[in-house]
Amino acid sequence: MALAPFEIEGRRFGSRLLLGTGGFTSHELLARALEQSGSELCTVAMRRLDPQARGSIIDVINEAGVEVLPNTAGCYTARDAILTAQLAREALQTDWIKLEVIGDDRTLLPDAVELLSAAEALIADGFVVLPYTSDDPVLARRLEDAGCAAVMPLGSPIGSGMGIRNTYNISIIVEQAGVPVVLDAGVGTASDAALAIELGCDGVLCASAISRAHDPPAMARAIALAVEAGALARSAGRIPRRRYAEASSPQEGMPVWTPTS
Amino acid sequence: MSVRVTINGEAHELPAGATVASVVSEMAPAGEGRGVAVALDGAVLPRAQWQSTAVDEGASLELVVAVQGG
């Protein structure tokens with residue numbers, strides 16, 4: 001049975017892969033990775049205008065025909081995240097926001113208290129909020145109850161490439177969620193992305209795994225294929241895990257060899 | 001007459017009567033401020049008010065744009 005189409009807040013996406021644009025060494029490389037990823041939604045951060053900057057990332061994204069999802073990366077308080085989201089809405093004319101409120105600069109793990117508080121305020125202000133959250137099923141439920149349009153649990157810390165450290169928690173989040181679940185952070189390579197979808201996530205967001213790979217466009221393609229493979233495998237229905245072997249060849253009809261003298 | 005203000009963390013001196021719109025066109029001459037958002041003294045100032053908002057002595061402006069990230 002094919003998986004339901006990937007939709008967030010009534011918007012349908014042909015690809016389950018969201019691309020984070022951080023870490024690409026040039027706009028040209030980003031453009032090639034965007035194309036290879038097949039992604040229809042990519043994140044950007046909001047920073048002070050640099051009058052010396054050459055070229056706009058928005059032009060690159062528009063040219064690729066991809067929608068933009070601003071984030072609140074770098075914010076440590078609800079107050080900063082709310083102001084950043086409002087600035088992003090003004091600059092980019094979108095009320096969608098990937099909400100990040102970081103609690104610690106070494107792990108970049110979310111600050112649960114500030115995150116929920118920012119989500120509530122932004123939803124009240126009319127935003128479509130997609131929160132980057134820890135792999136905590138209770139927090140994911142609280143964010144959904146607050147009105148978030150999706151929940152985006154981490155597999156492991158941002159940029160760590162450690163994959164999905166707690167598959168049980170991700171499965172629980174998926175089981176209980178009434179909104180799309182997008183695995184955000186931790187993907188290191190294609191198999192991590194396939195696993196996320198096999199576990200039941202609706203989508204995967206990748207930045208560093210692609211942008212910091214030796215060949216970013218090739219990794220973008222690999223992860224896009226892995227996401228597709230994961231979706232196909234999930235709809236195909238995997239076999240149960242068993243502790244002991246189960247032969248696939250018939251048990252009957254074995255010939256009996258008569259030893260020669 | 002001039003006013004002393006802070007723009008993106010740096011001290012600037014602007015001619016009296018400067019508006020937010022004139023600051024934006026100075027900082028981002030291309031594209032008429034497309035893709036730019038402004039916070040004045042910690043609150044978002046909608047684009048529609050740039051022209052009519054004077055930048056007063058001591059004001060703090062943040063001009064932001066989208067960059068690679070996330």
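This structure is a prediction, so every number in the text was calculated from the model and none was measured. Every chain is numbered from 1, with letters handed out A, B, ... down the list of sequences.
- For A:Leu205, the part lying near chain B is the side chain, with the backbone staying farther off; criterion is any non-hydrogen pair under 4.5 Å.
- For A:Asp59, the part sitting under 4.5 Å from any heavy atom of chain B is the side chain, from C-beta outward, and nothing else.
- Of the two parts of A:Pro70, neither the backbone nor the side chain holds a non-hydrogen atom closer than 4.5 Å to a non-hydrogen atom of chain B.
- Taking the six-membered ring where the residue is Trp, A:Phe13 and A:Phe6 present tilted rings, their angle falling between 30° and 60°.
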Query raised in the report: Are A:Arg165 and A:Asp135 close enough, and set up right, to give a salt bridge (charged side-chain N to carboxylate O under 4.0 Å, His left out), and what steps lead you there?
Result: CA-CA 9 Å; A:Arg165 296 326 308 160; A:Asp135 59 359; over 6 Å; no

Query raised in the report: Could you go step by step and tell me if A:Glu9 and A:Leu130 meet the side chain to side chain contact (heavy atoms under 4.5 Å, CB included) rule?
Result: CA-CA 10 Å; A:Glu9 197 73 10; A:Leu130 287 69; over 6 Å; no

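- Contacts of A:Leu83 with chain B are made by both backbone and side-chain atoms, with heavy-atom separations under 4.5 Å.
- A:Asp125 and A:Arg89 are joined by a salt bridge, as a carboxylate oxygen and a charged side-chain nitrogen come within less than 4.0 angstrom of each other.
- Of the atoms belonging to B:Leu45, it is backbone heavy atoms, and not side-chain ones, that fall under 4.5 Å from chain A.
- For A:Leu87, the parts sitting under 4.5 Å from any heavy atom of chain B are the backbone and the side chain alike.
- Counting heavy-atom neighbours within 6.0 Å of B:Glu13 CD, excluding the residue itself, gives a total above 12.
- Of the listed residues (A:Leu49, A:Ile57, A:Asn71, A:Thr43), the one with the most heavy-atom contacts under 4.5 Å to chain B is A:Leu49.
- No donor-acceptor pair closer than 3.5 Å links the side chain of A:Glu35 to the backbone N or O of A:Ala64.
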